[in-house]
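Within every chain, numbering begins at 1; the chains are lettered A, B, ... in the order of the sequence lines, protein sequences first and strands thereafter. No experiment lies behind these values; they were computed from the predicted model shown.
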Amino acid sequence: MAEEKLPTRAQDFSEWYNQLVLKAQLADYAPVRGCMIVRPYGWALWENIQQALDGRFKATGHQNVAFPLLIPKSFIEKEKHHVEGFSPELAVVTIGGGEELAEPLILRPTSETIIGHMWSKWIQSYRDLPVLMNQWNSVVRWELRTKLFLRTLEFYWQEGHTAHATQPEAMEETRQMLDIYTDFAVNDAAIPVIPGAKSDAEKFAGADITYSIEAMMGDGKALQAGTSHFLGQNFAQAFEVKYLDHMGVQQHCWTTSWGLSTRFIGAIIMVHGDDQGLVLPPKLAPYQVVIVPIFKNDEEKAAVLGAAKELKTQLAKAKIRVTLDEREGQSPGWKFNDWEMRGVPVRVELGPKDVAKQSAVVARRDRPGREGKISAPLADLPVTIERLLGEIHLSMYDKALAFRRSNTHATATYDEFKKAVETGFAFAGWCGRGDCEEKIKEETRATMRCIPVDATDVLGSGGAVASGKCVYCGTEAKERAIFARAY
RNA sequence: CGGGGCGUAGCGCAGUCUGGUAGCGCGCACGCUUGGGGUGCGUGAGGUCCCCGGUUCAAAUCCGGGCGCCCCGACCA
């Protein structure tokens with residue numbers, strides 16, 4: 001690594017992010033423009049995200065499946081809004097085995113169409129419903145402007161797809177999955193999110209309703225961190241997904257889809273990271289604890305490493321993810337900085353003095369410097385650290401929520417609104433018309449992020465509510481919405 | 001698709017204007033030193049100067065063409 005230090009977030013947030021992703025070895029640029037390679041440390045983080053979500057999916061009755069990467073091009077054309085939305089960003093395969101293909105294939109940008117196609121074969125009766133599926137895969141969208149994790153030509157995600165007999169059931173599923181994403185963001189990633197509905201302009205191509213969870217990044221911009229779509233009967237009609245009901249009448253299914261991608265890693269970086277580097281939430285961090293041994297000579301080395309290995313065993317036994325940094329060439333101070341940059345929640349410093357006292361110095365990443373350090377008896381560490389990881393999670397969440405709330409403003413006038421979206425979220429009345437939304441976007445670069453499900457959560461208890469008038473045209477507000485510049 | 005920047009050792013760059021033995025810092029290897037907040041010193045390995053063509057006794061450098069990447073704006077998880 002050529003440069004020791006990152007730019008600060010205040011100097012250049014974007015450059016801070018780019019360098020951090022590379023330096024922390026989360027990912028690297030691929031030889032093809034806009035593609036990324038997820039390195040072991042980044043993938044370990046993704047695996048923990050997968051595990052946290054997959055458990056929730058299974059607990060709510062979903063099963064994992066695998067559909068193919070290649071989809072006949074004609075499929076995408078069967079749903080009008082879907083084709084309009086995705087055509088510009090499709091990668092198309094026209095040659096296979098040296099021969100021009102009779103029908104071009106697309107690399108899936110998402111799998112609604114091919115899944116709809118198969119469902120039409122599999123679903124015959126109300127007894128076959130609901131169908132609750134999920135797949136972990138990658139998809140391809142030919143984006144113009146890319147950024148590691150946030151927007152790449154190919155990205156990894158899960159896409160859930162469900163089919164139901166009735167509209168209320170499908171709606172309930174859509175909302176359930178939104179709740180699951182919210183629960184995951186809050187309780188595993190320590191990221192406060194605003195669940196809400198998208199405007200017509202912002203919703204998924206082919207959906208009747210799109211819900212998302214929106215998070216505020218460290219620079220005040222919004223990031224859509226997960227989505228859940230109520231697809232109505234749009235895809236069921238396009239692909240003839242029908243069932244025979246109790247009365248012997250043919251009905252179209254009601255379907256949903258929902259996804260969360262490696263973009264979420266970008267959210268973790270930008271919500272929690274500080275000028276030293278990453279700050280990873282304990283539940284998702286690849287390593288929850290790093291042990292840095294300190295010694296001068298072989299005699300000390302033997303004693304310290306012996307104690308360090310024993311500690312590692314004890315922590316691992318307590319189901320704590322721990323690594324021991326035995327690298328020879330680097331000084332302890334260098335390692336402190338390195339692991340801080342990589343965001344490990346807890347660092348244990350273990351030297352001869354500690355071993356003599358049968359204690360260790362424990363430092364927490366979310367409170368850098370001396371103030372975050374305590375000394376604790378070695379024998380207690382599994383318990384101490386377990387408790388500390390819980391505290392770190394809560395304090396990271398509180399900090400992120402406090403930041404979001406202090407940068408979210410209920411705005412009544414357009415001037416207030418324009419000021420608010422310079423630095424964060426604006427919570428404002430909106431008449432619900434697309435042209436007001438469009439004008440706002442043109443004039444302020446802020447887009448409608450969502451209409452919050454629970455408006456009282458946005459500003460906290462006692463916070464002002466948004467005005468009853470549309471912030472742009474001044475007519476009666478139909479909605480109260482979050483507006484912000486977004487990734 | 002517009003605007004900007006860049007392409008020279010693994011990484012970051014200087015050298016290009018004014019053509020003449022390819023350099024610096026970091027990293028890497030080895031040795032000593034040091035180790036509780038990014039140790040210090042020494043030795044060493046490492047190069048199709050993005051590609052193609054041209055000018056010239058001689059091109060990283062000048063001329064022509066091409067390719068690629070990054071950043072900032074319009075579209076998107």
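A donor and an acceptor atom never sit less than 3.5 Å apart when one is taken from the side chain of A:D338 and the other from the base of B:rG38. Below the 3.5 angstrom threshold, one finds a donor paired with an acceptor across the side chain of A:K373 and the base of B:rG37.
The side chain of A:R445 places an N or O atom within less than 4.0 Å of a non-bridging phosphate oxygen (OP1 or OP2) of B:rG73. For B:rC70, neither phosphate oxygen OP1 nor OP2 lies less than 4.0 angstrom from any side-chain nitrogen or oxygen of A:N18.
Taking the six-membered ring for Trp, A:F417 and A:W430 have ring centres at least 6.0 Å apart. Aromatic ring centroids of A:F264 and A:F184 lie under 6.0 Å apart.
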Report task. Start with the C-alpha distance between A:E443 and A:K439, add both sets of side-chain angles, then the distance that settles salt bridge (Lys or Arg N to Asp or Glu O under 4.0 Å), and finish with yes or no. Result -> CA-CA 6 Å; A:E443 293 171 18; A:K439 282 273 164 43; 6.0 Å; no
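With a 3.5 Å ceiling on both atom-pair distances, the Watson-Crick or G-U wobble partner of B:rG20 is B:rC57. Remark: B:rG38 base-pairs with no nucleotide; criterion is Watson-Crick or G-U wobble with both hydrogen-bond distances under 3.5 Å. Here B:rG2 sits opposite B:rC72 as a Watson-Crick or G-U wobble pair (both hydrogen-bonding atom distances under 3.5 Å).
When the C1' atom is used for both B:rC71 and B:rA29, the distance is 36 Å, rounded to whole Å. Separation of the C1' atoms belonging to B:rG46 and B:rC28 is 9 Å when rounded to the nearest angstrom.
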Show me, pair by pair, the donor-acceptor contacts under 3.5 angstrom made by side chains of residues 280-294 of chain A, not counting sequence neighbours?
from: A:K283; atom 1: NZ; to: A:N187; atom 2: O; distance (Å): 2.7
from: A:Q288; atom 1: OE1; to: A:R321; atom 2: N; distance (Å): 2.8
from: A:Q288; atom 1: NE2; to: A:P282; atom 2: O; distance (Å): 3.0

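Rounded to an integer number of Å, the gap from CG of A:L223 to C1' of B:rC76 is 12 Å.
In this structure, A:E391 does not pair ionically with A:R367, as no charged nitrogen and carboxylate oxygen lie closer than 4.0 Å.
Checking A:E47 against A:Q50 by side-chain atom types alone, no donor-acceptor pair falls below 3.5 Å.
Contact annotation for A:G259: no contact, since no heavy-atom pair falls under 4.0 Å across all strands. Across all strands, A:R151 comes closer than 4.0 Å to base atoms (heavy-atom distances).
Judged by closest nucleotide on RNA chain B, A:N337 is the one of A:C35 and A:N337 placed further toward the 5' end. The residue among A:R145 and A:T262 whose nearest nucleotide of RNA chain B lies closer to the 5′ end is A:R145.
By the ring pair (Phe, Tyr, Trp, His ring centres under 6.0 Å) test, A:F13 pairs with A:W16, sequence neighbours left out.
Residues of residues 187-212 of chain A having a heavy atom closer than 4.0 Å to RNA chain B: none are found.
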